[in-house]
Amino acid sequence: MYKRTHTCGELRKDHIDETIHLNGWVNTVRLHGQVIFIDLRDRYGKTQIVFNSEDYNGDFVAVKKLSMEDVLSIKGTVQSRSEGAVNPDMSTGEIEVAVDSMELLSETAPLPFVITDRESALEDLRLKYRYLELRTDELQKNILTRHKTYQAVRSYLSDNNFVEIETPTLMKSTPEGARDFLVPSRIHHGKFYALPQSPQLYKQILMISGFDRYFQIVKCFRDEDFRADRQPEFTQIDVEMSFVDEEDIYSNMEGLTRHIFKELNDVDLPDPFPRITYADALAKYGSDKPDTRYELFLNDVKEFTDRSEFNAFKSAESVKAIVLPGGAKYSRKIIDGLTDFVKKYKAKGLTWMKGENGKLSGGIAKFFDENLQSDLIHATEIKDGDIIFIIGDEKTVVEPALGALRVEIAKREGLADPNIYKPLWVTSFPMFEYDEVENRYTAMHHPFTAPHQDDIEKLETDPASVLSRGYDLTMNGHEIAGGSIRIHSPEIQNKVFSLLGLSLEDAKEKFGFLVEALTYGAPPHGGIAFGFDRLVMILTGSNNIRDVIAFPKTTSAVSLMDDAPNTVSSQQLNELGIQIKPDKN
RNA sequence: GGGAUCGUAGUUCAGUUGGUUAGAACGCCGGCCUGUCAAGCCGGAGGUCGAGAGUUCGAGUCUCUUCGGUCCCGCCA
């Protein structure tokens, strides 16, 4: 092997006449009989190397056999390209390397797909040969962005006095929250560890231990169903701080977020970040993670539909609308498609009207007399050529359904500028949600979230109305971080457990160590966790979490490359004392 | 748990109302070619139409079952 003296992205006019060595993969071959051009590639770039049968010292026939993704080591001389042969699309396009000798380090088997074109294979094939897909420009760039994001996080937090501390990966299974991944214990038959859904309890205990400002870039595991932005194992930037309130968390985390976006994308985020309450976010955007890059606000139009002849909405708790400027171009077919779309969110249908000659037409317009039309037009500012979409139902149906429609329409109309980043704090979440299936309250954030100071008495009388000290940081319609000020009083912690239907006994068994720790001088504390993968998705402009993870799993939690999960030997099962039940069918 | 959608050559796709020998491009193999950069030109090999069952004289095409990918609802404190 000729050990490389330069990388494939490095050579310029300054290097002309130098004898150099390059190592890399054959990106493309252009064969012209007695002269052969090859673009040699490594992660730094591409350089054109030229084999000329008159100058080349080795076996020219062997060079003719080279194909894409063979691995080469070459010795040659940098030369300028003749005028007209310069390639302005390559950073090394002004030079080329005349090869003197070459060693074929590794010959590739026939490729399952073409590396230079990521779209040339379906995703399952690309995942099976992930090491090949990782050679593509796009994934190389994403993985590098991920790397730089780790470094930006570590340097900012470390510079601000945060201490990086590792917490266990084998921990105790706890009730509440997502399903745990379980790990059987060989030494303790019949007992299991759980993989952490997050290091929540450990980081609170670190505050009690006096570490004051903690962070960790940490893998978390949740055994639920997956989506374009959800993997069974994912990474969090986990942060906890002592002697703080919400404002301290906001200012520190805004600093971190601004630092990341400046370092990675040279973007200046606002200072401070805007805030909205959970209730307002739902009322105005129909979402607890609103994309504020565009308007399309939800309007309350119940007073107008109540005055109309359209009776279906008379009994509805809530009737809301969004107006799409220029939306009158939408055909019946498109509107039917949008109707099917909102039905996924439990809406029974989607009504609409179009602005035309200062009046409303189509859809349910005939149920609105002239006065009513003009009042509605005035209130919602419908103009000629616009369309208004209306949904009436329970408030808990109307807002999410219209919110989803708002996002769908923005996508259709290209309203979300990918180069704009709009952070937004969402605050004042309800403390509890009522779970109709389990017939009990569950924590909206988690059971360690402190109730709002003014609402503590209402824990007894009206739990549903209690607001928490939780907060989410959203950006462009994604939740990028979520956290809360924690409970640091053992009494209130026990009170919340009991409201969640955990008996004192259960609470003691599952979380007793935390409650006990709280009795030994717990500082007021709070924290947050960023979804690291989602953050990198936003930074890279990806819309798929698999594009920012080196070795991702499919939506059915399978790794197609190494075929995990898989069966284990009966000996392994025996040691663990585990017997596999036959399939249900 | 539910819904939608996709599965045809190594790969990406086309394949009509069910009808003869399932096509194209890229890749691969062979040949020509000294200035290309998605090189070009000529030739060739390559198919269990995801799997299974059914309807039919006849199935890539219709029906059912099943496996896998993707997207979504539920779920994800």
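Excluded from the calculations below are hydrogen atoms, water molecules and symmetry mates; all remaining heavy atoms, backbone and side chain alike, are included. Each chain gets a letter, A, B and so on, in the order the sequences are listed, and its residues count up from 1.
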Nearest to the side chain of A/Q48, which nucleotide is it out of B/U34, B/C76, B/C37?
B/C37
Partner nucleotide, any strand, of B/G7 [Watson-Crick/G-U, under 3.5 Å]
B/C67
Nearest whole Å is fine: how far is B/C32 C1' from A/K64 NZ?
9 Å
Any strand counts, and the cut-off is 3.5 Å on both contacts for Watson-Crick or G-U wobble. Which nucleotide pairs with B/G47?
none
First encountered from the 5' end of RNA chain B, between A/K553 and A/H446:
A/K553
Is the shortest side-chain N/O distance from A/K65 to OP1 or OP2 of B/G30 below 4.0 Å?
yes
Just to confirm, is there a sub-4.0 Å distance from OP1 or OP2 of B/C75 to any side-chain nitrogen or oxygen of A/R227?
no
If you find the nucleotide of RNA chain B closest to A/P110 and the one closest to A/T28, which residue's nucleotide is nearer the 5' end?
A/P110
For B/C71, take OP1 and OP2 only and decide whether either is under 4.0 Å from a side-chain N or O of A/N544.
yes
With the stacking rule set at 5.5 Å and 30°, tell me whether A/F113 counts as stacking on B/U11.
no
Distance check: side-chain N/O of A/S556 vs OP1/OP2 of B/G69, anything under 4.0 Å?
yes
Separation of A/H32 atom NE2 from B/G40 atom P, in whole Å?
9 Å
What's the closest nucleotide to the A/V114 side chain, out of B/G69, B/U11, B/G27?
B/G27
B/C71 OP1/OP2 closer than 4.0 Å to side-chain N/O of A/R546:
yes
Is A/E224 side chain donor-acceptor paired with the B/G74 base, going by distance under 3.5 Å alone?
no
For the residue pair A/F234 and A/F532, is the inter-centroid distance of their aromatic rings smaller than 6.0 Å?
no
Taking only side-chain nitrogens and oxygens of A/R30, does any of them come within less than 4.0 Å of OP1 or OP2 of B/U36?
no
Nearest-nucleotide pick for A/L127, side chain only, options being B/U70, B/U36, B/C75:
B/U70
Using atom CD of A/E69 as one end and atom P of B/C28 as the other, report the distance to the nearest whole Å.
11 Å
Quick one: which of B/C76, B/C37, B/G27 gets closest to the side chain of A/N87?
B/C37
Test item: A/M102 and A/Y56 side chains (from C-beta on) under 4.5 Å apart, heavy atoms
yes
Of the options B/C71, B/G69, B/U12, whose atoms approach the side-chain atoms of A/T555 most closely?
B/C71
Whole Å only: how far is the CG atom of A/L125 from the C1' atom of B/A9?
14 Å
Could you give the distance separating B/C42 and B/G52 at their P atoms, to the nearest angstrom?
39 Å
Any N/O donor-acceptor pair, A/R222 side-chain to B/C75 base, under 3.5 Å:
no
Can you measure A/R126 atom CZ to B/U11 atom C1' for me and round it to whole angstrom units?
12 Å
In whole Å, what is the span from the CG atom of A/D225 to the C1' atom of B/G3?
13 Å
Quick one: which of B/U12, B/C76, B/U34 gets closest to the side chain of A/L122?
B/U12
Starting at OH of A/Y345 and ending at C1' of B/G3, how long is that distance when rounded to a whole Å?
12 Å
Would you mind checking if A/E233 and A/K219 are paired as a salt bridge, meaning a charged N to carboxylate O distance below 4.0 Å?
yes
Could you check which nucleotide pairs with B/C75 in any of the strands shown, counting Watson-Crick or G-U wobble with both distances under 3.5 Å?
none
Distance, nearest 0.5 Å, that separates CD1 of A/I480 from CD1 of A/I528:
8.5 Å
Could you go step by step and tell me if A/F60 and A/I36 meet the side-chain contact (heavy atoms from CB on, under 4.5 Å) rule?
CA-CA 10 Å; A/F60 200 74; A/I36 299 166; 3.7 Å; yes
Side-chain atoms of A/S67 come closest, of B/G10, B/C28, B/C72, to B/C28
With a 6.0 Å cut-off (strictly less than), is the heavy-atom count around CZ of A/R230, excluding the residue itself, greater than 12?
yes
Strictly below 4.0 Å: does A/T554 bring a side-chain N or O up to OP1 or OP2 of B/G69?
yes
